[in-house]
Structures are given as structure tokens and as C-alpha cells.
There are 2 protein chains.
Amino acid sequence: MASLNVGSLGEYIREQRRNAQYSLRQLAEVAGVSNPYLSQIERGLRKPSAEILQQIAKALRISAETLYVQAGILEERDGDAPALRAAILADPLLNERQKQALLAVYEAFLKENRETGESSGAAAATGTVPATPPAGSADADADADADADADTGATG
Amino acid sequence: MASLNVGSLGEYIREQRRNAQYSLRQLAEVAGVSNPYLSQIERGLRKPSAEILQQIAKALRISAETLYVQAGILEERDGDAPALRAAILADPLLNERQKQALLAVYEAFLKENRETGESSGAAAATGTVPATPPAGSADADADADADADADTGATG
DNA sequence: CCCGCCCGCTTGCAATTGCAAGCAAGCCGC
DNA sequence: GCGGCTTGCTTGCAATTGCAAGCGGGCGGG
């Protein structure tokens, strides 16, 4: 696996963790992995197995597939727009009429966004749900420190 | 990972390999893994990484996702309504309002289907494509031997 | 008999993965 | 100042992963 992918995986996990306002130890605990290992993963020093990615994803409340894609072990649904199209078409719980209807709604929204130039440019593009940290802590201070570390990490 | 899953993974790979009429060594070579390791995988003695599964799947000309599902590192798609939910929430081209709207439509369809008991239950099977073996060999004999081994392997 | 080829599997080992124990630094209250 | 707590990271180690070298067996041809 190219270290480039592993690097982006770690950055991605760190980003999601911060979005969720978890400290490294908090996420490690919730995910059931050791905090040093999670640190190494975030810094791209280790390449975690799919099981570990699954655990991390679950703790971050994102889909495991998202992390698999980042790790390069799953193909991206290439093209964000086609991804949802494919998902709609592949959903076994919908019949053909409903699929087409959903697609039509989706296309209408895309068109609307193109015309208004509006989209959810929120950083939570991956559907991250900011979770409350498990324990109270000096959140403001932790964020400040985390930002400084993030700059350092980007160098790695 | 429960050894049960690993066991079924190995059995599945062996089955697909036989369908493709590959010997263990042939598949190992095409997949780019060592033949002893492939043997161990098939017998459930080792739990391969996603990368190895990817290589094996490619050699067998099946989707990697199929093997991921067998290995338990990917959720099976069928009946997995949350997958489309996740896709909607993950789509970066939609804003929050549109995401919620699409989800509402989706939920309405699911409810409709539950009441009518109707859905397009087209099950896209794993689509195994038997491939021709890379080299000619005593296929009949190899199959006979392989069957005997298969029985032994099932005991393990 | 021999040899060569094929088959699947055994075994020992190096590299990798994931962890436990612990470090250093920052912040806060006394 | 101190101690207690939090933070992210370092380090050594055990277990696991994947491989190379090789085994034993079957088959066919000389």
C-alpha cells in the first residue's frame, strides 16, 4: 500500500476525530484500540487492518467503507454524484419506480445547487455527527493544542 | 474475527477457485501470493489482509467486495437500507436540507414498500465468471485430487 | 526402475501489526 | 512552587501475517 494513501488515511481519521471533538484517547477507548496505536495510525506510521478501521469508523460514527476507501482497500464509488446514483439503483428495498423518483429528486437538487451555487460546503461533508466527548475536559484548550499538533502532523 | 467467518472465507475461495478451474498454485501465481499462504487461507489457518483478498479476488475475476463480505470486513449489501442513508448523508453535492428531504422521500418509499410488501428483489449474485486455466493440465485428475482434499479440509 | 512435472501442504523466519508501560508537556487549583 | 489531570507520543515486545525452501504424493514417459 502506497504510503501516500496511508498518510491521507491518518489525516482523514484525525480530521474526523476533531470534528467529533474527541481527544485521541477518547476515540481510542471508544474504538477499542490502544491510544498509541491510534496515534501512529493518524501519523501514518502504521497501516491498520480492516478490523481496526471498522472499529475506528464505528466509534466515529461514520461508515467503515469511508475509511476503507481512504485506505485504498475499497474502490471509491468514483465521482460523488454517481455514488449516490449507484446507491439508489442498488438499493434492494426500492422498486424501479421509486428509484427513478429518488433519482429525479436528486437531480433536481443538483440542478438547484448548480444554479444557486449553493452546496453544503460544511466540513462535515462525510456526514460526521459531532458527538459529545465522553467526559468533560478543557475543550477549548484541547482544540488549541490539537491545532498546533495538526500543523506538525501535516509535515510528516 | 471469528474463525467461523475465516473458515467460510477459505471455503468460498476454494470453491471459486475450483469453479475457475485453477489449481492452487495457478491461482496463487495469478494472484501474486505464495501458494502455501493461499493453501493456509483456504484451510482457514490464516486470516489474510484486505490487500491479499483484493489480489485473490482480482485473480478470480470476482469483486473484492465479495471476499470482504465473506471475511466479515464489509457489510453485505442486501437488506442494508442504512447504506443508502449513509450515501445520502455523505454526498457533498447536497446541502443539509436536501439531504433530509431525500431521506424523507426514501423513508416514505420504504414505508410504502412495507405496507405493500413490494420491492425489486433483484439479487445481483456474486457473478462468478469461470476463467480458463492459464496452462493446460490434467484437469480431470486434479479435480479428483482436489475433491479428496476438500473433504479433508472441511474437517479442519 | 528412473526422471520430470504437477499437486497441496509443512515449516521456519522476517516483517508487520497492535498493545502495555511509560514519557514529556500543558493546564488548573492549592 | 506543588500535585493531579489531561494530552499526544515513544518504546519494547508478543502475536500475526506472508513468504521461501522444501516435503511427500500422484501421474506419465523413457
Side-chain angles (χ1 to χ4, degrees), chain A residues 1 3 6 9-10 13-14 17-18 21-29 31-56 71 73 133-156, chain B residues 1 3 6 9-10 13-14 17-18 21-29 31-56 71 73 133-156:
Chain A
M1 180 49 58
S3 58
V6 173
L9 168 70
I13 289 176
R14 182 163 284 190
R17 173 169 66 80
R18 292 200 172 124
Q21 300 188 326
Y22 274 168
S23 72
L24 188 136
R25 289 190 188 210
Q26 287 168 342
L27 178 60
E29 183 177 350
V33 304
S34 72
N35 75 69
Y37 191 54
L38 179 58
S39 174
Q40 287 169 334
I41 291 167
E42 288 192 351
R43 289 172 288 130
L45 300 182
R46 296 291 168 93
K47 187 179 77 71
S49 65
E51 282 75 25
I52 294 290
L53 289 179
Q54 224 175 9
Q55 290 171 231
I56 293 171
I73 62 175
S137 61
D139 291 338
D141 290 331
D143 288 337
D145 288 338
D147 287 335
D149 287 340
D151 290 334
T152 309
T155 310
Chain B
M1 178 49 58
S3 58
V6 174
L9 167 71
I13 290 176
R14 182 162 285 190
R17 172 167 68 80
R18 290 196 175 127
Q21 300 187 324
Y22 274 169
S23 71
L24 186 135
R25 290 189 186 208
Q26 287 169 340
L27 178 61
E29 183 178 348
V33 305
S34 73
N35 75 70
Y37 193 52
L38 180 58
S39 174
Q40 288 169 333
I41 292 167
E42 288 193 349
R43 288 171 289 130
L45 299 182
R46 297 291 168 96
K47 188 177 75 68
S49 66
E51 282 74 26
I52 295 290
L53 290 179
Q54 225 175 5
Q55 290 171 235
I56 293 172
I73 62 175
S137 61
D139 293 340
D141 290 333
D143 289 339
D145 288 339
D147 286 337
D149 286 340
D151 291 335
T152 308
T155 308

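In what follows, every chain begins at residue 1, and chains take the letters A, B, ... in the order their sequences are listed. Because the structure is predicted, anything quoted here is derived from the model rather than measured.
Atom CD1 in A:I41 sits about 10 Å away from atom P in C:dT17, given to the nearest Å. Rounded to whole angstrom, the span from the CG atom of A:L45 across to the C1' atom of C:dA15 amounts to 16 Å. Atom pair B:K47:NZ and C:dG18:C1' shows a separation of 12 Å (rounding to whole Å applied). Atom OH in B:Y22 sits roughly 17 Å away from atom C1' in C:dC6 (whole-Å rounding). If you measure from atom CD1 of A:I13 to atom P of C:dG18, you get 12 Å, rounded to the nearest angstrom. Rounded to whole angstrom, the span from the CD atom of A:E42 across to the C1' atom of D:dT7 amounts to 12 Å.
Note that the OG atom of A:S49 and the NZ atom of B:K47 stand 5.5 Å from one another [nearest 0.5 Å]. With rounding to the nearest 0.5 Å, the separation of CD1 in A:I41 from CG in A:N35 is 11.0 Å. The CD1 atom of B:I73 sits 9.0 Å away from atom CG of A:L53, with the distance rounded to the nearest 0.5 Å.
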TODO: Let me have a per-nucleotide readout for nucleotides 19-25 of chain C, 5' to 3', with B, S or -, counting only protein heavy atoms under 4.0 Å.
DONE: BBBBB--
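Listed for the A:R14 side chain is no donor-acceptor partner under 3.5 Å among the backbone atoms of A:E42.
At D:dG18, one or more side-chain N or O atoms of B:S49 fall inside 4.0 Å of OP1 or OP2 (strictly under the cut-off). Proximity of A:R14 to the phosphate of D:dC9: a side-chain N or O atom is located under 4.0 Å from OP1 or OP2.
For A:Q55, the side-chain contact (heavy atoms from CB on, under 4.5 Å) test picks out A:V33, A:I52, with sequence neighbours left out. Annotation: side-chain contact (heavy atoms from CB on, under 4.5 Å) contacts of B:Q40 (sequence neighbours excluded): B:Y37, B:R43, B:L45, B:R46.
The side chain of B:Q26 lies closest to C:dC7, out of C:dT17, C:dC7, D:dG18.
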